[in-house]
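One structure is given below, encoded as structure tokens.
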Amino acid sequence: TGGLVTSCPKTPTAASVCRLSVLPCSVSGSFIATPGMKAVQEKVTQATTPLASLPYLDQVGKKMKETRWLAQQYATELVAAHPQCRQWIDANVQRCGYIARVEKCAESPVKEGYRNKCEFAIGINPETRRLTVGFKLDPRSGSSEVGPVDHLLHVPASMKHVVKLLEAWLRGERFAHHDAQRQEGQWTSAVVRTTRPDGHGKSQTMLLLSFHSQGVPPMEVMALKSRVRGFFERGEGAQCGVTSLYFSEKGAQGQGAPELLLGDECVTETLLGTVHLAISPRAYFCINTAGAEVLVEAIATMAGLHRNMTLLDICCGTGTLGICMASRVGQVLGVDSLPSAIEEAQRNALANRLSNCQFFMGQAEDMVGIMVQAAKGEEIVAIVDPPRTGLPEKAIRLLRRTRVTKIVFIASDPKGYLKNFVDLGRASNATFVGDPFMPTAIQAVDLFPHTTHYMTLIQMVRTPQSTFTNPAPADRKSVV
């Protein structure tokens, strides 16, 4: 259960503090925690894994229910915007129950300890009043109250080990946690990233510590960085096996770039057995590695990959999706607005010896036309993985104008993307030129067991406007 153990004596070393979280502390072998600590643990659970008390199949059932609601809402809003498609939608509802075929939720292969990255807050436990490395009790507030993570199902044991040793060391340091409300203290967060074991059973661990240095003399910050390195290189922290140690300093000019104190610049993860991806401290990478492989295969199936296809990876980030599918298509063209992401995508494509990948830096709405002009494939399929704000309308209008035949839309919060879905399916008009993209398959992919979050894939196929102006029974089948 973790947390405060009331019947054990105070222990002075990092290793002994770590052992307290895993050893029984009573004659009967049971764990003992105060009512206050249990309340703290419950708040952490509710903030991070609110479905943890449900059997996994019930969690999946809840997410499937939401997916079916999405399909119904999609139909309602699309008919309101495109009345001519009502008969087409009605035919689909008669055939498969919804506007599109709703596939079974793709489950995460790993249900516990699946997170490969966690950003832990460094704050104070309201029950013990001690510095704690864990998760905020209320992530939306500016409070520095933090609870432990030992009891959480989604955090792997290796991360919990790093957290406990780090926490014990920080408690022995003179610098306190940063309190944003009082503008006091220094330590703000610890990001831990791990990889799966390689063929030799070795995994990699990256740790990024963030420190608010305002008011701390530069010489003291330098001495602190030396102590941090010494702890993880030669001290008790060495048992964590940290292969990349970073320190990020926040001062009057804002958050500084991560500074490498020890080890390698990146950790390397392998997907699908053959794709090797170098991951830097600030890079985005799916937090569920085994789940990412399920996601890639689900997208590949919806896209219908073949060698005469050009795949547009829109909002590609570091290029993971396109790189993973590059060997199955003729060409991959990716775009993202973040220069560092495009640099990593290019490096990873080169490291995997992929000559058919090209990545562009820019806004999707400015680059889609250029990418389509550069496409060499007989068929062009777009993977769209936008931020939570969705795709700008200009980008959707451009996609409508192109010869893209199919879209696989990846939605982290599908309710927030409904306007995008509707705009892609509106009747052809002066604003939205080109035949609409109509949904043919919808599938939830559960990358986040024990949480309310999941990804939703929507397969959209270019459908001639004449299908709706001269309606006939819909007989199009999903390629899923």
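- No donor-acceptor pair under 3.5 Å is formed between the side chain of T318 and the backbone N or O of E344.
- Using modelled atom types, no side-chain atom of D313 and backbone atom of G334 make a donor-acceptor pair closer than 3.5 Å.
- Contact of the L399 side chain with the I314 side chain is registered, since non-hydrogen atoms from C-beta on lie closer than 4.5 Å.
- Interatomic distance, OH of Y74 versus CD1 of I458, reported as 5.5 Å (0.5 Å rounding).
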Residues R282, E343; criterion salt bridge (charged side-chain N to carboxylate O under 4.0 Å, His left out); working and verdict | CA-CA 13 Å; R282 299 291 192 201; E343 289 172 7; over 6 Å; no
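- Within the 4.5 Å cutoff, the side chain of V368 has no heavy atoms near those of the V335 side chain.
- Residues F409 and F437 keep their aromatic ring centres 6.0 Å or farther apart.
- Of all heavy-atom pairs between Q59 and A52, the closest is NE2-CA, 4.5 Å.
- Between the OG1 atom of T48 and the NZ atom of K136 there is a distance of 14.5 Å, given to the nearest 0.5 Å.
- For the pair R229 (side chain) and L262 (backbone), a donor-acceptor distance under 3.5 Å is absent.
- L131 contributes atom CG, which lies 6.5 Å from atom CZ of R171 (distance to the nearest 0.5 angstrom).
- Checking side-chain atoms of D198 against main-chain N and O of H200 turns up a donor-acceptor pair under 3.5 Å.
- Tested against V146, the residues T132, V44, V133 include a single side chain to side chain contact (heavy atoms under 4.5 Å, CB included) partner, T132.
- Within the 3.5 Å criterion, the main-chain N or O of H276 finds a donor-acceptor partner in the side chain of N352.
- When the shell of 6.0 Å around CD of E173 is examined, it contains more than 12 heavy atoms from other residues, nucleotides or ligands.
- Here H154 and H450 keep their ring centres 6.0 angstrom or further from each other.
- Counting heavy atoms from C-beta outward, F285 and L271 have side chains that approach closer than 4.5 Å.
- Atom CD of E77 is separated from atom CG of L70 by 9.5 Å, given to the nearest 0.5 angstrom.
- In this structure, Y417 and P387 approach most closely via the heavy-atom pair OH-O, 2.9 Å.
- Side-chain N or O atoms of N125 include none that pairs as donor or acceptor with a backbone N or O of P148 at under 3.5 Å.
- Ionic pairing of E393 and K419 is present here: one or more N-O contacts between side-chain nitrogen and carboxylate oxygen are shorter than 4.0 angstrom.
- Put simply, the side chain of S226 never gets that close to the backbone of M222: no donor and acceptor are under 3.5 Å apart.
- Around NZ of K43, the count of heavy atoms belonging to other residues, nucleotides or ligands within 6.0 Å does not exceed 12.
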Test side-chain contact (heavy atoms from CB on, under 4.5 Å) applied to S210 and V191, step by step | CA-CA 8 Å; S210 293; V191 179; 5.9 Å; no
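- A donor-acceptor pair is defined here as one N or O able to donate and one able to accept, closer than 3.5 Å; such a pair exists between the side chain of K63 and the backbone of H453.
- Here the side chain of Q443 pairs no donor or acceptor atom with the backbone of V102 at under 3.5 angstrom.
- Heavy-atom minimum distance, P386 versus I410: CD-O, 3.6 Å.
- Side-chain contact check for V155 versus C118: some heavy-atom pair is nearer than 4.5 Å.
- Here the closest non-hydrogen pair linking P449 and S108 is CG-CB, 3.7 Å.
- Between the side chains of E107 and Y56, no donor-acceptor pair is found at a separation under 3.5 Å.
- Within the 4.5 Å cutoff, no side-chain heavy atoms of Q72 are placed close to those of R68.
- Atom CG in D423 sits 11.0 Å away from atom CG in L418 (nearest 0.5 Å).
- Side-chain contact check for E103 versus L457: every heavy-atom pair is 4.5 Å or farther apart.
- N116 places a side-chain N or O within donor-acceptor distance of the main-chain N or O of C286, the cut-off being under 3.5 Å.
- Counted by atom type alone, S143 and D138 present zero donor-acceptor pairs between their side chains at under 3.5 Å.
- Atom CZ of residue R115 and atom CZ of residue R193 lie 10.5 Å apart, to the nearest 0.5 angstrom.
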In sequence, state the C-alpha distance, the side-chain angles, and the governing distance for F120 and V192, and then conclude on side-chain contact (heavy atoms from CB on, under 4.5 Å).
-> CA-CA 8 Å; F120 299 105; V192 184; 3.8 Å; yes
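- In this structure, K62 places its NZ atom where only 12 or fewer heavy-atom neighbours from other residues, nucleotides or ligands lie under 6.0 Å away.
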Between S412 and M455, does a side-chain contact (heavy atoms from CB on, under 4.5 Å) hold up when you go through it step by step?
-> CA-CA 5 Å; S412 56; M455 307 299 287; 4.0 Å; yes
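- Look at E265 and R347 and you find no salt bridge, because none of the NZ, NE, NH1 or NH2 atoms lies under 4.0 Å from a carboxylate O.
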Decide yes or no on side-chain contact (heavy atoms from CB on, under 4.5 Å) for M325 and I383, but give the supporting numbers first.
-> CA-CA 11 Å; M325 299 181 207; I383 297 172; 3.9 Å; yes
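- Side-chain polar atoms of S244 and Q204 form no donor-acceptor pair below 3.5 angstrom.
- Of all non-hydrogen atoms in N288 and V110, the two that sit nearest each other are ND2-O, 4.3 Å.
- Scanning both residues, S248 and Q255, for their nearest heavy atoms gives OG-NE2, 2.5 Å.
- Residues K394 and D366 have side chains in contact (heavy-atom distance under 4.5 Å, counting atoms from C-beta outward).
- L391 places a side-chain heavy atom less than 4.5 Å from the side chain of C315.
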